[in-house]
Number of protein chains: 4
Amino acid sequence: MREKVIPPNTAGGPALRADARRNRNQIIVAAKSLFRTSGLDVSMEAIARTAGVGVGTLYRRFPDRAGLVAAVAAQSFRDVLADVTEAKEVEPSAWDAFVRLATQSENLRLTVHLAFLSLQSWRDVHAAPESEGVHREMMSALEALVQDAQEEGSIRRDIGAGDALYLISVVLGNRSPGTDTMRGMSTERSLRLVLDGLRAEPSGALPGEPVTVQELNTRMKQGADTLEG
Amino acid sequence: MREKVIPPNTAGGPALRADARRNRNQIIVAAKSLFRTSGLDVSMEAIARTAGVGVGTLYRRFPDRAGLVAAVAAQSFRDVLADVTEAKEVEPSAWDAFVRLATQSENLRLTVHLAFLSLQSWRDVHAAPESEGVHREMMSALEALVQDAQEEGSIRRDIGAGDALYLISVVLGNRSPGTDTMRGMSTERSLRLVLDGLRAEPSGALPGEPVTVQELNTRMKQGADTLEG
Amino acid sequence: MREKVIPPNTAGGPALRADARRNRNQIIVAAKSLFRTSGLDVSMEAIARTAGVGVGTLYRRFPDRAGLVAAVAAQSFRDVLADVTEAKEVEPSAWDAFVRLATQSENLRLTVHLAFLSLQSWRDVHAAPESEGVHREMMSALEALVQDAQEEGSIRRDIGAGDALYLISVVLGNRSPGTDTMRGMSTERSLRLVLDGLRAEPSGALPGEPVTVQELNTRMKQGADTLEG
Amino acid sequence: MREKVIPPNTAGGPALRADARRNRNQIIVAAKSLFRTSGLDVSMEAIARTAGVGVGTLYRRFPDRAGLVAAVAAQSFRDVLADVTEAKEVEPSAWDAFVRLATQSENLRLTVHLAFLSLQSWRDVHAAPESEGVHREMMSALEALVQDAQEEGSIRRDIGAGDALYLISVVLGNRSPGTDTMRGMSTERSLRLVLDGLRAEPSGALPGEPVTVQELNTRMKQGADTLEG
DNA sequence: GATGAATGAGATTTCATTCAT
DNA sequence: TATGAATGAAATCTCATTCAT
């Protein structure tokens with residue numbers, strides 16, 4: 001799915017010089033990448049290093065950590081918005097679009113962390129007007145998508161969009177030990193189970209094999225072994 | 001459900017003096033409480049302060065942070081085991097016992113963090129023989145419960161206990177902003193939806209009212225406001 | 001050589017109860033042993049544990065760490081005094097007695113640390129009247145021994161007892177990496193070389209084989225490997 | 001003798017900025033100075049304070065205490081190497097060069113601590129490639145010097161360079177109470193005695209006056225008084 | 001404007017010493 | 001009296017943020 005970084009000149013400051021804009025984008029890309037792979041608590045140094053700039057530059061572009069998080073979030077929300085649009089264009093039904101989004105949008109995975117799963121980042125997002133606005137937009141789009149699916153009869157009517165999004169979030173957002181290993185397995189299976197729970201009519205077979213507790217433990221161990229030695 | 005701290009004389013060291021045991025318990029209780037409310041990365045100072053002891057005391061009782069986490073986990077696992085037993089005694093079917101456990105065991109909420117949702121704590125748990133053992137016991141009991149439910153025909157047969165536990169875990173384990181506020185609402189509704197997804201036969205009505213996105217936001221805000229100021 | 005712990009009732013306090021005296025002695029023995037094997041900075045806990053008593057008991061017997069060090073030193077000085085007496089009785093000349101003392105008195109090895117090689121312990125010794133006195137005694141005995149050797153013509157006359165003792169001390173006191181391994185080798189060879197330097201007439205052959213730099217490094221490594229891992 | 005801090009660009013990292021290099025040097029100088037006066041276990045805080053920087057700066061320049069020790073050691077070894085070279089240039093014989101080194105190189109005094117008299121620092125030195133290399137170089141140079149002296153007939157042939165260096169080390173390395181005060185006296189006299197012991201042919205008169213035990217005590221007291229108050 | 005050096009508060013852990021049982 | 005539990009200051013190290021080059 002798309003991963004463009006759009007110049008955020010909505011905020012109205014003076015246009016950035018070309019190199020400054022390039023740096024800004026590199027930082028956001030680096031932060032997104034690290035947030036995804038290592039969680040939200042990577043150090044500012046690490047982000048700057050990954051972006052190929054100095055910390056000073058990072059702080060020149062973003063007032064503080066909260067500001068950076070907000071900017072990354074705003075970007076992430078925009079990406080999700082684009083993914084929603086794309087999904088609706090590409091898929092035949094609202095349900096299919098919803099499923100596509102839930103199962104295939106990497107952007108959504110990061111977004112749920114930034115918007116739902118961390119108190120700190122939620123605060124950061126809502127302290128910055130820029131991310132606040134696009135957050136609202138994204139939520140509306142998601143809500144509309146759910147409601148469309150309800151109207152076409154594919155999502156049960158006794159739930160709200162909030163229920164659906166919340167549920168999808170916690171499943172997507174989980175970064176438990178072994179998540180990386182499990183991605184193609186447990187998370188996908190879980191998602192399917194959850195989507196089944198959301199459906200008006202139960203679906204058919206699940207992907208993959210049943211996961212035993214033994215299996216679960218093995219994956220944990222693998223995850224933990226990659227922690228640092 | 002039960003929340004006793006049992007004198008841990010299983011380990012075989014000499015019996016602790018009365019005051020020491022009291023402190024040890026206070027520390028575990030404090031740690032459990034802070035782990036629940038603020039996550040696993042509260043400072044040792046904060047735990048000691050909450051327990052009403054000095055850091056030195058904390059370190060006398062537990063060799064290091066890992067040791068404390070392991071001890072809290074062992075306790076937590078024992079509590080879950082007790083809850084499983086109780087649920088099986090009290091409820092008429094394995095399914096009902098499973099539901100009771102998932103929806104009403106506060107112990108299970110903390111446990112999933114310690115056993116599933118943090119690489120670090122998973123390591124800590126498995127580095128300490130005491131917690132390792134009880135972890136295995138607990139997992140077996142949970143697996144048996146799921147399998148019983150499958151045999152009585154209430155949980156779909158195409159999933160493993162690992163799938164079920166994983167899914168319950170991520171829903172329970174979620175500590176998103178406002179989780180505390182939402183406890184009686186979103187999490188419970190989500191759990192119901194998830195349980196529905198696990199069922200062989202879809203159940204009936206959900207508890208509570210549909211949750212809108214608007215509602216979700218409001219709750220987030222409330223949650224964030226309790227963060228620290 | 002002798003290693004008795006004599007009841008120190010010279011200080012004049014009320015006689016200790018039998019068990020108290022036993023404890024006191026055990027503590028001193030334990031401290032001496034640990035000081036020898038692990039250096040002067042072992043923890044009070046470790047000393048108490050080795051002595052088989054609680055820290056409380058240790059502090060009841062000795063006002064603080066300085067007090068303990070002073071007591072151990074006093075004991076150690078007394079032991080050296082006894083060794084001097086014995087050496088003079090047993091050996092045919094003052095020189096032989098001096099050599100015997102330097103090469104065979106374990107007590108002297110510890111003593112030089114307490115009396116010469118640690119600022120802190122020197123202070124501790126001289127802050128306590130008890131150890132001060134016996135320190136003076138010991139020094140006199142050593143000085144007399146050196147002077148006797150000078151008078152019998154075996155130690156050069158252009159040095160003072162201070163020179164001789166100082167030199168022996170630094171060689172004996174050295175606890176460099178690999179010292180334990182080297183004890184029978186380097187330290188003994190060094191002592192012989194030093195004794196040669198002190199003699200009026202050079203002596204004959206050295207014990208052992210010449211030590212190369214390569215050899216030195218190997219021993220260091222062995223020493224370091226026993227440090228903790 | 002020389003005491004320059006050479007820009008360590010041998011390691012190959014990007015050249016440090018002027019201020020950073022200045023700070024790096026100040027830190028090394030401060031550490032050397034404190035190591036000399038207070039031993040190897042001064043706190044990082046104290047070193048930073050003495051260098052006039054914050055702890056953070058110290059840790060930015062050196063990964064940890066071991067890294068700092070290794071860097072100081074490398075510097076110290078280089079200084080000794082320079083002193084060896086200088087001594088060989090200036091003095092007419094290998095023996096004279098050896099004596100000059102032993103008696104006049106302040107660098108050698110610190111070096112023996114770092115290379116011989118502390119297990120911990122020995123480890124630190126050998127864990128860092130930079131210090132490891134120069135350590136080897138220095139040892140070779142010292143060994144060669146001793147062997148040259150043996151070949152010219154001034155050092156007895158029944159000892160190895162290891163014996164000679166070890167012996168010199170313990171005498172030089174001694175930081176007993178009053179060492180600073182005694183420098184020009186006891187240590188120098190001791191060194192002469194030791195050097196005499198190493199010689200093929202005994203030398204003539206010793207410098208200074210014989211040191212009595214009384215004198216020794218006085219100096220100890222002076223040393224201890226400078227400990228901290 | 002970009003860089004990365006410097007800062008210092010805070011986290012974990014140890015240990016001499018005091019105090020309750 | 002003996003015990004060992006409790007204390008808290010100090011040491012090492014990390015990281016968000018500021019500032020000199």
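Chain identifiers are assigned alphabetically (A, B, ...) following the order of the sequence lines, protein sequences preceding nucleic acid strands; residue numbering begins at 1 within each chain.
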> With sequence neighbours excluded, what pairs up with C:Ala31 under the side chain to side chain contact (heavy atoms under 4.5 Å, CB included) test?
Replying inline: C:Phe35, C:Ile47, C:Leu68, C:Val72

> What residues form a side chain to side chain contact (heavy atoms under 4.5 Å, CB included) with D:Ala48, not counting sequence neighbours?
Replying inline: D:Val53, D:Val55, D:Leu58

>> Taking salt bridge (charged side-chain N to carboxylate O under 4.0 Å, His left out) as the definition, give me every residue that meets it alongside B:Asp19, ordered by chain and number, with sequence neighbours left out.
In response: B:Arg17

> Between E:dG1 and A:Asn23, is there an OP1 or OP2 to side-chain N/O distance shorter than 4.0 Å?
Replying inline: no

> Counting only side-chain N and O atoms of C:Thr57, is one of them less than 4.0 Å from OP1 or OP2 of F:dT3?
Replying inline: yes

>> On a heavy-atom basis, which atom in A:Phe62 and which in A:Gly67 lie closest, and how many Å separate them?
In response: CD2-O, 4.0 Å

>> Show the nearest heavy-atom pair for residues D:Ser131 and D:Val125, with the distance to one decimal.
In response: OG-O, 2.7 Å

> Could you give the CG-to-P distance, from D:Leu58 to F:dA11, as a whole number of Å?
Replying inline: 14 Å

> Taking atom C1' of F:dA10 as reference, at what distance in whole Å does atom CD1 of D:Ile47 sit?
Replying inline: 15 Å

> What distance separates C:Gln75 CD from C:Lys32 NZ, expressed to the nearest 0.5 Å?
Replying inline: 5.0 Å

> Which pairs with one or both residues in residues 45-54 of chain A pass side-chain hydrogen bond (donor to acceptor under 3.5 Å, both in side chains), sequence neighbours excluded?
Replying inline: A:Glu45-D:Arg60

> Does A:Val53 or D:Gly54 map to a spot on DNA chain E nearer the 5' end, using the closest nucleotide for each?
Replying inline: A:Val53

> What stem regions, each of at least 3 consecutive Watson-Crick or G-U pairs below 3.5 Å, can be found for DNA chain E?
Replying inline: E:2-21 with F:2-21

>> Strictly under 4.0 angstrom, non-hydrogen atoms only: write out the protein contact profile of nucleotides 15-21 of chain F, one letter per nucleotide from the 5' end, B, S or -.
In response: -SBB-BS

